[in-house]
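Below, chains carry the letters A, B, ... as their sequence lines are ordered, and counting in each starts from 1.
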2 protein chains.
Amino acid sequence: MSHTPDMTQAESATIGSGPTKRRTRRSPTLQEKPSVGVDVVIFTVIDSDLKVLLAKREGQPFKGVWSLPGGLVRVRNSGDQGEGIEQAAHRELSEATGLTPGSCFVEQLYTFGKAGRDPRGRVISVAWIALVSPDQGRAIHPGDQGDAQWFSTHEEIPWMRLAFDHAEILDTAVERIRGKLDHSNIAFELVPETFTVAELRDTYEAIKSRTYDARNFRRRFQRMIGEGVVTEAPGKRHRGKARPAKIWRLQR
Amino acid sequence: MSHTPDMTQAESATIGSGPTKRRTRRSPTLQEKPSVGVDVVIFTVIDSDLKVLLAKREGQPFKGVWSLPGGLVRVRNSGDQGEGIEQAAHRELSEATGLTPGSCFVEQLYTFGKAGRDPRGRVISVAWIALVSPDQGRAIHPGDQGDAQWFSTHEEIPWMRLAFDHAEILDTAVERIRGKLDHSNIAFELVPETFTVAELRDTYEAIKSRTYDARNFRRRFQRMIGEGVVTEAPGKRHRGKARPAKIWRLQR
DNA sequence: CCAATAGTGTCTTTGAGACAATATGAC
DNA sequence: GTCATATTGTCTCAAAGACACTATTGG
């Protein structure tokens, strides 16, 4: 960053200060500022289905339309300068879900800043992904008053119209977690504290929209056991009238 | 995005509008705005070494300190709302290098928005990665007046102090291209229009800071030939007094 | 015994890494 | 011929995909 933000009207600010031989020097014009927001794509897996939390907009524009939870970053230009953008994301997540900040996985997704994406004025939005465990997910809005709700990314979302460019943000988010699924441990964020191999596999299938061969999947899981990534937990879990499964937990 | 930006003093803006049962409703307080900038991490490979373009800061703070090229996004809150953030990145890239916008690979890296990262006031910076081919890279600042310069990421950068949080941004950028190297075609952006297998391998080695077995690397390359990713180009290239190598080019 | 899911094992293919031998052109 | 690099090929191992079989429970 080598910008010179326009702090006060009094300051004679120069816009930018990079390598400037070829740069057009601008007179001390004050650069107008955009609003900066955060939008959080909150995922969970319930009933072997990848779901996202949407909120119904209360004001114009897009009043009554479903949208990603989000809000403006709280900023000050003096003193402590307000909250960081990551902090803002955690705050919005917390407000949307009631979960205590820091209780689930949050990662920055992408920043959306095309001109015109908000009709009211220039808004640049830093989008985040949050992964909420099924336990927590089911607890959220157990029949809310209709202002926030889980939607299936496979059944409902494709047919919905979302506010602003939120459809694009959501698409980007789904692609991101799909891409990371096989090369990271994010799946464990979308599974209960203790889980069976089949439950973990269901989660993989929900995210990827494909099936995994149970036997090959188990082999991958064996490797994780060998590496000490997961450990057996006490108890068994029954599914129907069949043989019960062992219980596992992530080794933190 | 479901924020309500503070457009005018007259408007009764509500901060945010997510799922709000638990949200604290704020009176129509106007949210202060941050400045939003773009910083571009411009890479090239010269002499089998990964280099980054830095600019010497002309003003306070960090006057005289090397920093990433960057500047503020040009924004308006009425009319066309100004330039998009990607457009701003291309503009900064163009200003720093003299290259025509769109002539090289640009991808968003990450957005840095901790409070206090700029002592002058709240600045949120969207960082970008640009990859410049050696041909273009060598042409840039062929002995400039010292305000912009290529630095070796392996030799010089580790010992330098950079302005703001630019060291962190640069680290993130290097990690990113290292991570993408083996799963994408970005290496071809850091190689001349036509190249030999050895040159491509040198580029891989420069980025990853490791050696690749020439024979195994060639096998990977063979696969790319089979997939039609690369095609043989006319001519041969000599390196020393040894056997000349075939020339290849990326199949766009 | 039967139904249904849990768990184990085999065969094959693909790609990565280690390593040896041959080909070609400058000198 | 010699030197230096280009190019081809072999062997081994790790991991993924396809697929068959045994184990354990409820009924």
Inset, instruction - For side chain to side chain contact (heavy atoms under 4.5 Å, CB included), just list the numbers for A:I129 and A:V106, CA-CA rounded to whole Å, side-chain angles, deciding distance to a tenth of an Å, and then say yes or no. - result: CA-CA 6 Å; A:I129 288 177; A:V106 174; over 6 Å; no
Inset, instruction - Check whether any side-chain nitrogen or oxygen of A:K236 sits under 4.0 Å from OP1 or OP2 of D:dT25, and answer yes or no. - result: yes
Legend entry - For A:I140 against A:W150, the heavy-atom pair lying closest together: CD1-CZ2, 3.9 Å
Inset, instruction - Kindly point out which of D:dT7, D:dC3, D:dG26 is positioned nearest to the side chain of B:R243? - result: D:dT7
Inset, instruction - Can you measure from CD (A:E189) to OG (A:S184) and round to the nearest 0.5 angstrom? - result: 9.0 Å
Inset, instruction - Apply the test side chain to side chain contact (heavy atoms under 4.5 Å, CB included) to residues A:V191 and A:V45: give CA-CA distance (whole Å), side-chain angles for both, the deciding distance (0.1 Å), then the verdict. - result: CA-CA 7 Å; A:V191 121; A:V45 172; over 6 Å; no
Legend entry - Toward the 5' end of DNA chain C, by each residue's nearest nucleotide, A:I247 or A:R219: A:I247
Legend entry - A:R239: salt bridge (charged side-chain N to carboxylate O under 4.0 Å, His left out) partners, not counting sequence neighbours: A:D202
Inset, instruction - Taking heavy atoms of chain A and a 4.0 Å limit, find me the 5'-most and 3'-most nucleotide of DNA chain C within that range. - result: C:dA3 to C:dG9
Legend entry - Closest-nucleotide ordering on DNA chain D, the 5'-leading residue of A:A242 and A:R223: A:R223
Legend entry - Nearest atoms (heavy-atom pairs only) where A:I85 meets A:Q108: CD1-OE1, 4.1 Å
Legend entry - Sugar-phosphate, base or nothing in reach of B:R220, heavy atoms under 4.0 Å: sugar-phosphate
Inset, instruction - Would you mind checking if A:R138 and A:D47 are paired as a salt bridge, meaning a charged N to carboxylate O distance below 4.0 Å? - result: yes
Inset, instruction - Strictly below 4.0 Å, heavy-atom distances to any atom of DNA chain D: list the hits from residues 183-218 of chain B, or just say none. - result: B:A198, B:R215, B:R218
Legend entry - Pairwise distance CD1(B:I186) to CD1(B:I207) - rounded to 0.5 angstrom: 5.5 Å
Legend entry - Minimum-distance nucleotide to B:A245 side chain [options: D:dA16, D:dT25, D:dA6]: D:dA6
Inset, instruction - Starting from the 5' end of DNA chain C, give me the residue, B:G240 or A:K241, whose nearest nucleotide shows up first. - result: A:K241
